[in-house]
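Just the heavy atoms: all of them, side chains too, but no hydrogens, waters or symmetry mates, feed the values below. The structure displayed is predicted, hence computed values, not measured ones.
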Amino acid sequence: MEQTLYFILLLITLCSVSECVQRQYHFINMNKTWTEAQRYCREKYTDLATVDNMNDMNELKKSVTDGRVWIGLQRKWQWSSGDPALYLNWGPGQPDGRDECGFMRDGQWHDWPCSNSLTFICSSSNNMNTGLVFVNQGKNWRDAQSYCRQNHIDLVSVRNQNESQQLQQFINDSHISGSKVWIGLFRVRDSWQWSDQSNSSFRYWKTGEPNNVGGNENCTAIEQNAQGQWIDISCNNNNQFPYVCHEDKLILIKENLTWSEALRYCRQNHTDLVSVHSEEIQSDMMNVVTQASTEAVWLGLRYSHVLGIWYWVSGDTVCYQNWAPENGTAVENCDSAVRSGAVQSGGDQRWISHPETDRLNFICSRNEE
């Protein structure tokens, strides 16, 4: 009994832990195009900088020098099927920002006027081997899209590297290698998205921006002489600036693992399963879990039958709570199953109790400096 009381008191003292920051910014003082900067940030950190609020903006401004600096906001590209363009495989100097439809040549993508005429590739349920059909008719992008939708499924989407390799193999097997072929990629007019696909709606445009001068200003830079406000600017090779990467403190892992497997994964590859010991961290987490592929996502939250309490495996006490109704109660945990905590990926994103053998996505936290 004394040992149990000591443990509870020890946990209570941990309620004043410092709050973690969702992302950390890294200023890279090398001049690159927007696409080159994006590639570097994705290789070394998480992505080109996303800004969620004015606190983020003030933190970001501390690290940048005078002049223009790339951040991760760009006019939106998506697939004809409606899927967002998460995976991007642009050729050198692409997209140049002047055009709104995408073609593929030698495994790489280029933007081009939608009114130009090209052969194209449809996704299809008729070809059981590849799910692809090459249409050897020259059509503009809109007509190619209509043809694919009327006769097959849609213009082809390329959502990951594996699909890109499969498409290139199909092109090689069809003896059209080196040709320009329409794919289902197009730019959404007057719509902006973050490179990491964040749903942040925060904007900090300079007065009169974005103005899309010349019709090709599709990327975003900070202009320090305008109090760090943003301008839209062409992404082409003539514009090469330093840039800011961000490193997320919360990482959604889209693998379906048991709670114990998720804990092991996070501790081997990052720091730990996430602890949500403040409303601020809950808010940060809400931006992450919406991308999950399961209805709930594991947290580092565990129930002790011996002590009759919930606790964070990081050692933090459950001071801040966000339980859904009828969850996180003593009555709920009277069964013999070992239970752990998860967060709903939709709705109110409340915490819920799950048997630890369920297989869910999960959130890891990174090291904090």
Could you walk me through whether Ile121 and Val133 pass side-chain contact (heavy atoms from CB on, under 4.5 Å), step by step? CA-CA 6 Å; Ile121 296 174; Val133 170; over 6 Å; no
Between Trp77 and Trp90, does the ring centre distance come in under 6.0 Å? yes
Rounded distance [0.5 Å steps], OG in Ser293 versus CD in Glu255: 10.0 Å
Suppose we screen for salt bridge (charged side-chain N to carboxylate O under 4.0 Å, His left out). Which residues come up paired with Arg359, at least two apart in sequence or across chains? Glu261
Can you confirm whether or not the ring centre of Phe103 sits under 6.0 Å from the ring centre of Phe120? no
Side-chain donor-acceptor pair present, Asn218, Asp232, cut-off under 3.5 Å: no
Which residues, ordered by chain and number, are linked to Ile231 in its hydrophobic cluster, where ILVMFWY side chains connect at heavy-atom gaps below 4.5 Å, directly or through other members? Ile28, Met30, Trp34, Tyr40, Tyr45, Leu48, Trp70, Ile233, Phe241, Tyr243
Take the angle between the ring planes of Trp312 and Trp351 and call it parallel below 30°, perpendicular above 60°, tilted in between. perpendicular
Look at the aromatic rings of Phe186 and Trp141 and report parallel, tilted or perpendicular, splitting at 30° and 60°. tilted
Check the side chains of Ser260 and Glu356 for a donor-acceptor pair under 3.5 angstrom, ignoring hydrogens and angles. yes
Any side-chain donor near an acceptor of the partner, Ser200 and Asp52, under 3.5 Å: yes
Scan side-chain atoms only and decide if His246 and Gln24 contain a donor-acceptor pair under the 3.5 Å cut-off. no
Once you measure the plane-to-plane angle for Trp323 and Trp310, does it fall in the parallel (<30°), tilted (30-60°) or perpendicular (>60°) bin? tilted
Side chains of Asp154 and Ser80: do they bring a donor and an acceptor to under 3.5 Å? yes
From Ser314 atom OG to Arg302 atom CZ, the distance as rounded to the nearest 0.5 Å: 14.0 Å
Check: Trp109 ring centroid to Trp79 ring centroid under 6.0 Å: yes
Full working for side-chain contact (heavy atoms from CB on, under 4.5 Å) between Gln166 and Thr130: CA-CA 8 Å; Gln166 290 175 353; Thr130 64; over 6 Å; no
For the residue pair Asp196 / Thr50, report whether a side-chain donor-acceptor contact shorter than 3.5 Å exists. yes
Check the orientation of Tyr265 and His270. Use parallel for under 30°, tilted for 30 to 60°, and perpendicular for over 60°. tilted
Does a side chain donor of either Asn172 or Gln168 reach within less than 3.5 Å of an acceptor in the other side chain? yes
